[in-house]
Amino acid sequence: MTDKLLLILLFTLLINAIETLSYAARLAGTRTARLASAFSLFNIIVIFSRTANMVQMVLIASLIDQAMITRSIEGVRQQFHWIIGSASLGTVVGALLIPTFVAIFARAIERLEISGSVPYLMKEALKAKHLGAVKHYFRSPNLRIIHSFRIGGVPKRLLVLNTCITAIYTVGVLSALYAGLLSPERATTSTLSSGMINGIATILLALTIDPKVALLTDQVLSGKKRSSQMTHLVLMLVISRFLGTVLAQLLFIPGAHWIKWMSQFFV
């Protein structure tokens, strides 16, 4: 395993852990009753994740450039499966850290109310004394939540959609790049299609998952729903997100061949 691949695996793990931790901002918003502040932090996390995803694409593309020289298609396929696996691992890491980051985000929301500035909040957070205090916010996962795990109360269609959208988003760039390797004469068309695929996945996420989570958040804040129901929904979304990264392993090769087939209609 090369140093470049290890860097990509670490990058992928961090991106997926961060995206999973975005659920913690929502939970912190309901527990502090400061939803607008929570969403400002949530948007920062999403922007950081999307930007990191573009950097990741450049790193992964370099593997394709090297493979086109050596024609090691089989080696790239194995490397891409490792990358998808690191996405699954990142989701698990993020899930385990959610309780800790709920506490951190709750504190950050309180500090944001005082400072009134996100840049100032970030500047304060990077100070040594505050970084050292992070250990005091550590919370271990509550296994009792897993023992009381039930699908009831959460629409099964929502979970299926979140699984499928996560799978598409996880594998979109990888399948597009691999399709370019399978069909070098249409490599540019195949590669650029990844932006369209991820764009569609993002739109579906905004139309189907986000409104449901926002609705439940409002109901919790208004007292119509219990806060435990929000925690339960987040647990279900994390599980379906993990399943989506697993499904991505199965969609990777078929997705690449589908993109390869579709690219012929654009040239």
Side-chain angles (χ1 to χ4, degrees), residues 1-22 44-97 101 126 131 165-202 238 241-260 262-263:
M1 187 177 294
T2 63
D3 292 341
K4 182 184 295 185
L5 179 58
L6 284 173
L7 178 61
I8 293 172
L9 293 178
L10 179 60
F11 221 78
T12 304
L13 187 150
L14 289 174
I15 289 172
N16 283 270
I18 290 170
E19 290 187 349
T20 304
L21 286 171
S22 65
I44 292 172
I45 296 171
V46 171
I47 292 172
F48 179 81
S49 174
R50 297 293 183 265
T51 304
N53 202 53
M54 289 187 289
V55 176
Q56 178 204 36
M57 182 177 178
V58 175
L59 292 173
I60 296 174
S62 66
L63 296 178
I64 296 295
D65 292 339
Q66 184 178 357
M68 284 185 172
I69 298 175
T70 61
R71 299 303 300 170
S72 56
I73 296 179
E74 181 65 25
V76 170
R77 185 172 68 178
Q78 293 176 355
Q79 289 174 334
F80 278 16
H81 279 298
W82 274 99
I83 293 172
I84 298 172
S86 68
S88 300
L89 181 59
T91 302
V92 173
V93 171
L96 294 175
L97 290 175
F101 274 80
L126 293 175
L131 290 175
I165 292 171
T166 300
I168 293 171
Y169 192 82
T170 300
V171 84
V173 171
L174 299 177
S175 291
L177 291 173
Y178 192 73
L181 183 60
L182 295 176
S183 182
E185 68 278 6
R186 294 191 293 271
T188 302
T189 303
S190 298
T191 301
L192 292 178
S193 67
S194 64
M196 180 179 65
I197 295 171
N198 284 355
I200 293 173
T202 302
V238 169
R241 177 181 173 81
F242 172 77
L243 293 177
T245 62
V246 175
L247 178 61
Q249 295 279 8
L250 302 177
L251 294 181
F252 166 51
I253 297 299
H257 284 286
W258 180 78
I259 293 172
K260 175 186 174 184
M262 285 294 295
S263 64

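Numbering of residues begins at 1 and proceeds along the displayed sequence.
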Measure the [atom1]-[atom2] distance between [X] and [Y] for me, rounded to the nearest 0.5 Å.
X      : Y      : atom1 : atom2 : answer
Ile18  : Leu13  : CD1   : CG    : 10.0 Å
Ile8   : Ile60  : CD1   : CD1   : 5.5 Å
Leu177 : Leu182 : CG    : CG    : 11.0 Å
Trp82  : Gln249 : CH2   : CD    : 10.5 Å
Leu9   : Leu14  : CG    : CG    : 11.0 Å
Asn16  : Glu19  : CG    : CD    : 5.5 Å

Indicate yes or no: at least one non-hydrogen side-chain atom of [X] is less than 4.5 angstrom from one of [Y].
X      : Y      : value
Leu5   : Ile83  : yes
Thr166 : Phe242 : no
Leu181 : Arg77  : no
Tyr178 : Ile253 : yes

Residues that [X] engages under ring pair (Phe, Tyr, Trp, His ring centres under 6.0 Å), provided they are two or more places apart:
X      : result
His257 : none
Tyr169 : none
Phe11  : none

Q: Please report the closest heavy-atom contact between Ala256 and Ala179, naming both atoms and the distance.
A: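 Result for this residue pair: O-CB, 3.2 Å.
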Q) Which atoms form the tightest heavy-atom contact between Lys4 and Leu59, and what is the distance? A)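 That closest heavy-atom pairing would be CD-O, 4.5 Å.
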Q | Leu247: side chain to side chain contact (heavy atoms under 4.5 Å, CB included) partners, not counting sequence neighbours | A |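 Result, side chain to side chain contact (heavy atoms under 4.5 Å, CB included) vs Leu247: Thr163, Ala167, Leu250, Leu251.
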Could you pull out all donor-acceptor pairs under 3.5 Å where a side-chain atom in residues 88-96 meets a protein atom, sequence neighbours excluded?
residue : atom : partner : partner atom : Å
Ser88   : OG   : Thr245  : OG1          : 2.7
Thr91   : OG1  : Ala87   : O            : 3.0

**Q.** Contact list for residues 80-93, test salt bridge (charged side-chain N to carboxylate O under 4.0 Å, His left out), sequence neighbours left out
**A.**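 Salt bridge (charged side-chain N to carboxylate O under 4.0 Å, His left out) check on residues 80-93 returns no pairs.
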(Q) For a side-chain contact (heavy atoms from CB on, under 4.5 Å) check, start with the C-alpha distance between Ile168 and Ile200, then their side-chain angles and the critical distance, and finish with the verdict. (A) CA-CA 9 Å; Ile168 293 171; Ile200 293 173; over 6 Å; no
